[in-house]
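Note sheet for the following structure.
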Amino acid sequence: MAPRLALAALVLLAACGEREKEAGDAAAIPATPAAASAENPIGTTLTYTRSNQDGTKAERILVHIVSSTELHVAKMVDACTDAAYVTATFDPATKEATRLVGGRLTREGTQSPQAFLDLDPK
């Protein structure tokens with residue numbers, strides 16, 4: 001299979017680590033980037049901490065399921081510091097990412113877009 005945006009989405013979204021639910025239980029993030037699912041319905045926000053094996057350089061990752069075809073991901077080291085903010089749009093039939101927009105999280109909680117990647121089906 002030719003490289004697709006799904007691979008880029010996996011790199012951006014799945015990195016490594018575990019997500020934590022409100023109850024505190026941890027489960028592995030699914031390998032297939034599917035926006036909404038029965039386990040994670042629309043409106044769900046997942047969070048996990050990614051770090052080196054020794055716990056250094058910890059980063060907080062937030063994954064928000066906007067719709068059945070859209071995810072928003074923020075990555076930050078500390079509150080009120082520079083944070084990455086990536087949005088991904090998926091084709092519901094193939095579950096491949098069709099558009100990725102990378103940027104920075106603004107103080108207003110919006111994205112300042114800086115990088116764009118669109119799927120060319122050809």
Side-chain angles (χ1 to χ4, degrees):
M1 179 172 148
R4 297 278 184 156
L5 288 181
L7 179 59
L10 283 173
V11 171
L12 290 170
L13 304 176
C16 67
E18 295 183 336
R19 64 180 169 94
E20 299 167 355
K21 289 197 170 190
E22 288 178 339
D25 65 320
I29 291 177
T32 303
S37 67
E39 181 181 339
N40 299 308
I42 293 170
T44 300
T45 299
L46 307 169
T47 182
Y48 66 97
T49 301
R50 179 179 72 177
S51 69
N52 291 334
Q53 287 183 338
D54 64 359
T56 59
K57 297 191 177 184
E59 298 174 311
R60 185 171 180 211
I61 313 295
L62 300 161
V63 180
H64 181 70
I65 302 169
V66 176
S67 72
S68 61
T69 60
E70 188 176 359
L71 293 176
H72 290 197
V73 180
K75 178 182 82 165
M76 61 195 71
V77 176
D78 288 312
C80 301
T81 61
D82 198 29
Y85 189 0
V86 176
T87 59
T89 304
F90 295 90
D91 178 323
T94 64
K95 294 191 174 148
E96 288 182 318
T98 57
R99 181 165 176 77
L100 298 173
V101 178
R104 310 309 298 168
L105 181 64
T106 68
R107 291 187 181 272
E108 294 78 28
T110 61
Q111 183 188 52
S112 173
Q114 299 172 340
F116 305 87
L117 187 60
D118 291 295
L119 173 66
D120 179 357
K122 299 173 188 167

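Both backbone and side-chain heavy atoms feed into the values below; hydrogens, waters and symmetry mates do not. All residue numbers refer to positions in the sequence shown, counting from 1. These numbers come from a predicted model, not from an experiment.
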Inter-residue atom distance [X].[atom1] - [Y].[atom2], 0.5 Å rounding:
X: D54; Y: N52; atom1: CG; atom2: CG; result: 5.5 Å
X: R50; Y: E59; atom1: CZ; atom2: CD; result: 4.5 Å
X: K75; Y: D82; atom1: NZ; atom2: CG; result: 10.0 Å
X: H64; Y: I42; atom1: NE2; atom2: CD1; result: 9.5 Å

Ignoring hydrogens, what is the shortest heavy-atom contact between [X] and [Y]? Give both atom names and the distance.
X: P113; Y: V101; answer: CB-CG1, 3.7 Å
X: L100; Y: A88; answer: CD2-CB, 3.4 Å
X: A58; Y: V77; answer: O-CG1, 3.9 Å
X: A83; Y: M76; answer: CB-CB, 3.8 Å

**OP:** Using side chain to side chain donor-acceptor pair (under 3.5 Å) as the criterion, point out the one residue from D91, T87, D118 that pairs with R99.
**Re:** D118
Subject >> Criterion side chain to side chain contact (heavy atoms under 4.5 Å, CB included) on T106 and Y85, from CA distance to verdict >> reply: CA-CA 9 Å; T106 68; Y85 189 0; over 6 Å; no
Original post:
Counting N and O atoms only, with roles assigned by atom type, does the side chain of T98 sit under 3.5 Å from a partner on the main chain of T89, one being a donor and the other an acceptor?
Top reply: yes
Original post:
Within a strict 4.5 Å, meaning less than it, do heavy atoms of the R60 and T47 side chains meet?
Top reply: yes
Original post:
Heavy-atom distance under 4.5 Å between the side chains of L62 and V73, does that happen here?
Top reply: no
Original post:
Is L105 reachable from V63 through a run of I, L, V, M, F, W or Y residues, each pair having side-chain heavy atoms under 4.5 Å apart?
Top reply: no
Subject >> In one Ile/Leu/Val/Met/Phe/Trp/Tyr side-chain cluster, 4.5 Å: F90, L46 >> reply: yes
